[in-house]
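For reference, positions follow the sequence shown, starting with 1. Given the structure is predicted, the values throughout are model-derived calculations rather than measurements.
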Amino acid sequence: QVQLVECGGGLAQAGGSLRLSCAASGRTFSRFAMGWFRQAPGKEREFVAAITWGAGSTSYTDSVKGRFTISRDNAKNTVYLQMNSLKPEDTAVYYCAARASAVITTAKRNYNYWGSGTQVTVSS
């Protein structure tokens, strides 16, 4: 079992930055691919970014490329999402997810564990 706890959400102005963190406990964190997803009110949960367990490969949804950066520190069992140049459309609850695999994927059904989410609100 893996427990995931997100933090770092909050209120930001358009053009501003936030850094989300996700702390993992339980099974060996370094053997999990990690992802970030988000869900806006009335919308489906969508993929944002993912990173392999060795941090050798990352993937981003097109709308955040060049603005968001996913990274991880296996020694601290933590994955991060640095969000720059925020836009009002980035407003959502952001979820951390773990996948017991070496391969990253954008499909939420392929992630085994989820955090409870952290709210990000971007004002215009």
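With hydrogens and angles disregarded, no donor-acceptor distance shorter than 3.5 Å links the side chain of Y95 to the backbone of E6. Between the side chain of T52 and the backbone N or O of A102, no donor-acceptor pair lies under 3.5 Å. With hydrogens and angles disregarded, no donor-acceptor distance shorter than 3.5 Å links the side chain of N74 to the backbone of G54. Of the possible donor and acceptor atoms, none in the side chain of Y80 sits under 3.5 Å from a partner among the backbone N and O of D73. Panel note: side chain N112, backbone A100; a donor-acceptor pair is recorded below 3.5 Å.
Between D62 and K65 there is a salt bridge, since a side-chain N of the basic residue sits under 4.0 Å from a carboxylate O of the acidic one.
For the atom pair OH of Y111 and CZ of R45, the computed distance is 12.5 Å after rounding to the nearest 0.5 Å. A distance of 7.5 Å separates CD in Q119 from OG1 in T91, rounded to the nearest 0.5 Å. In this structure, the separation between CD on Q1 and OG on S25 is 9.5 Å, given to the nearest 0.5 Å. Atom NZ of K108 sits about 5.0 Å away from atom CD of E44, to the nearest 0.5 Å. Rounding to the nearest 0.5 angstrom, the gap separating the CG atom in D90 from the OG atom in S63 is 7.0 Å. Note that CD of Q13 is 9.5 Å distant from OG of S124, once rounded to the nearest 0.5 Å.
For the pair A23 and T78, the tightest heavy-atom approach, listed with the atom from each and the gap, is CA-OG1, 4.2 Å. The two residues L4 and A24 make their nearest non-hydrogen contact at CD2-CB, 3.6 Å.
By the SG-distance test at 2.5 Å, no disulfide connects C7 to C22.
A 4.5 Å side-chain heavy-atom check between W36 and I51 finds every atom pair outside the cut-off. Taking the side chain as every heavy atom from C-beta outward, L18 and F68 never approach each other to under 4.5 Å. Under the 4.5 Å side-chain criterion, counting only non-hydrogen atoms from C-beta, F32 is in contact with Y113. The side-chain heavy atoms of T61 and E46, taken from C-beta on, include no pair separated by under 4.5 Å.
F37 and V93 fall within the same hydrophobic cluster, where Ile, Leu, Val, Met, Phe, Trp and Tyr residues are linked whenever their side-chain heavy atoms come under 4.5 Å apart, directly or through other members. Transitive grouping of hydrophobic side chains (ILVMFWY, heavy atoms separated by less than 4.5 Å) brings M83 and Y60 into a common cluster. L81 and I104 fall into different hydrophobic clusters, where Ile, Leu, Val, Met, Phe, Trp and Tyr side chains are chained together by heavy-atom contacts under 4.5 Å. V79 and V120 end up in the same hydrophobic cluster when Ile, Leu, Val, Met, Phe, Trp and Tyr side chains are linked at under 4.5 Å. A continuous path of ILVMFWY side-chain contacts below 4.5 Å connects V2 to L20, so both sit in one hydrophobic cluster.
Annotation for E89: atom CD counts as buried by contact number, over 12 foreign heavy atoms lying within 6.0 Å.
When only modelled atom types and interatomic distance are considered, Y94 and R38 share a side-chain donor-acceptor pair under 3.5 Å.
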